[in-house]
Amino acid sequence: MTTFSSTCPPPSRSARPSSPASALLDLLLPARCAGCGSVRGQVCGGCRALLECAQAGPAGPCPAPPDLPPLHAAAPYADQVRRLLLAHKERGALRLAAPLGAALAAAVRSATGAGAAPLLLVPVPSTRRATRARGHDPMLRLAQAAARELRRTGVATRVAPVLRQTRPVADQAGLSAAERQRNLRGALAVPARLAARLVGHRLILVDDLVTTGASLAEAARALRAAGCPPRAAATVAATARRGRSRPKE
């Protein structure tokens, strides 16, 4: 079950203002905020604060798929957060990667707790077709932004894009949770030549969004099959599942 707090925590030392270059671009080429529509750059101060104030915590579908590791998310998938994620993922609003990556970093911190071993963030890969259509790999970009934020706060973190698609899968839209699990089963693997990179690290699966948990569960299965089970999973956002509804992933 998804649990979040809407209380804004004390100002974080890790919060960063927009870069001078980004601020100059917003001044010269004003754009509407992707979250709320105000004319204040790709993300306004209010929507940025919404991401910074989100308190990450345990999340995920209920019931969860058998292979899904402990999962934490930074915010509910609704309203401004939903629009910001879609703008980054589908419309190439690349400057949103930094604030969304900071939210993902908060979910990673919530999921991992204390520990001395370095972190490896393992992004759930998009299909080759989706990456070509979008012109970028949104999840790899968010994972890299989250790793930078974690390193900046003293957590040794790298990104390990080791998961590979082994076969085509059907479009997930409109599929039930059980259908999604069947659709994705066996669709990911870790090549043997890459598995050695994972030894001695705390592996954290990362994705932008969790709905049914099928994608994260398949990614976790593939890592376990390679002998490197993930410690946890973290996402920017999570949907709340009710009854027999079929949210899109």
Side-chain angles (χ1 to χ4, degrees), residues 67-74 85 88-90 92-109 111-112 115 117-152 155-169 172 183-211 213-237 249:
D67 289 319
L68 187 68
L71 170 67
H72 287 231
L85 279 171
H88 174 260
K89 187 173 187 174
E90 304 297 350
L94 302 184
R95 277 188 284 164
L96 298 180
L100 291 171
L104 180 58
V108 171
R109 291 190 200 97
T112 55
L119 292 180
L120 272 186
L121 305 186
V122 181
V124 175
S126 300
T127 64
R128 297 185 188 93
R129 181 175 64 247
T131 299
R132 285 195 301 270
R134 292 168 180 149
H136 73 122
D137 187 333
M139 197 52 237
L140 179 58
R141 190 179 297 273
L142 287 188
Q144 291 167 339
R148 285 193 295 271
E149 177 68 14
L150 289 163
R151 287 195 299 270
R152 201 177 64 80
V155 182
T157 310
R158 293 189 294 116
V159 177
V162 297
L163 290 165
R164 298 290 185 270
Q165 299 277 345
T166 61
R167 61 172 176 79
V169 297
Q172 296 276 80
N183 182 43
L184 294 174
R185 190 172 297 132
L188 294 176
V190 179
R193 71 181 189 282
L194 299 179
R197 300 183 188 181
L198 309 179
V199 177
H201 294 80
R202 288 184 293 164
L203 302 187
I204 309 299
L205 273 171
V206 292
D207 208 348
D208 56 350
L209 167 68
V210 60
T211 56
S215 297
L216 285 165
E218 169 57 19
R221 183 209 59 77
L223 287 171
R224 291 190 188 100
C228 304
R231 177 188 178 106
T235 63
V236 176
E249 189 170 35

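Quick note: residue numbers are just sequence positions, from 1. Reckoned from all heavy atoms, side chains included, excluding hydrogens, waters and symmetry mates.
Listed by chain and residue number, nothing satisfies the side-chain contact (heavy atoms from CB on, under 4.5 Å) test with Pro70 (two or more places apart in sequence, or in another chain). Scored by the side-chain contact (heavy atoms from CB on, under 4.5 Å) test, Pro229 finds Arg224 as partners (sequence neighbours excluded). Considering only residues two or more places apart in sequence or on other chains, His88 meets the side chain to side chain donor-acceptor pair (under 3.5 Å) condition with none of them.
The two residues Ala103 and Ala74 make their nearest non-hydrogen contact at O-CB, 3.3 Å. The two residues Ala222 and Leu163 make their nearest non-hydrogen contact at CB-CD2, 3.8 Å. Taking every heavy atom of both residues into account, Ala237 and Ala73 meet most closely at C-CB, 4.1 Å. Heavy atoms only, all atoms of each residue included: Pro123 and Ala143 are closest at CB-CB, 4.2 Å. Among all heavy-atom pairs drawn from Leu142 and Leu104, the shortest one is O-CD2, 3.9 Å. Heavy-atom minimum distance, Ala189 versus Thr166: CB-CG2, 3.5 Å.
Leu198 places a side-chain heavy atom less than 4.5 Å from the side chain of Leu223. Within the 4.5 Å cutoff, no side-chain heavy atoms of Pro118 are placed close to those of Arg202. Proximity of Leu119 to His201: side-chain heavy atoms (C-beta onward) are nowhere separated by under 4.5 Å.
Note: Thr112 OG1 to Leu203 CG = 12.5 Å, rounded to the nearest 0.5 Å. Rounding to the nearest 0.5 Å gives a distance of 12.5 Å between CD of Glu149 and CG of Leu100. Considering CE of Met139 and CG of Leu209, their distance stands at 10.5 Å, rounded to 0.5 Å. Separation of atoms OG (Ser126) and NZ (Lys89) is listed at 6.0 Å; rounding is to 0.5 Å.
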Let me see the working for Arg158 and Leu121 under side chain to side chain contact (heavy atoms under 4.5 Å, CB included), right down to the final yes or no.
CA-CA 6 Å; Arg158 293 189 294 116; Leu121 305 186; over 6 Å; no

Where do Arg164 and Val190 land on the side chain to side chain contact (heavy atoms under 4.5 Å, CB included) test, with the steps shown first?
CA-CA 6 Å; Arg164 298 290 185 270; Val190 179; over 6 Å; no

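Remark: the backbone N or O of Leu188 is paired with a side-chain donor or acceptor of Glu218 at under 3.5 angstrom. With hydrogens and angles disregarded, a donor-acceptor distance shorter than 3.5 Å links the side chain of Arg151 to the backbone of Thr157.
The side chain to side chain contact (heavy atoms under 4.5 Å, CB included) test with Leu205 singles out one residue from Leu120, Val122, Thr235, and that residue is Val122.
Neither side chain, His72 nor Arg109, offers a donor N or O lying under 3.5 Å from an acceptor on the other.
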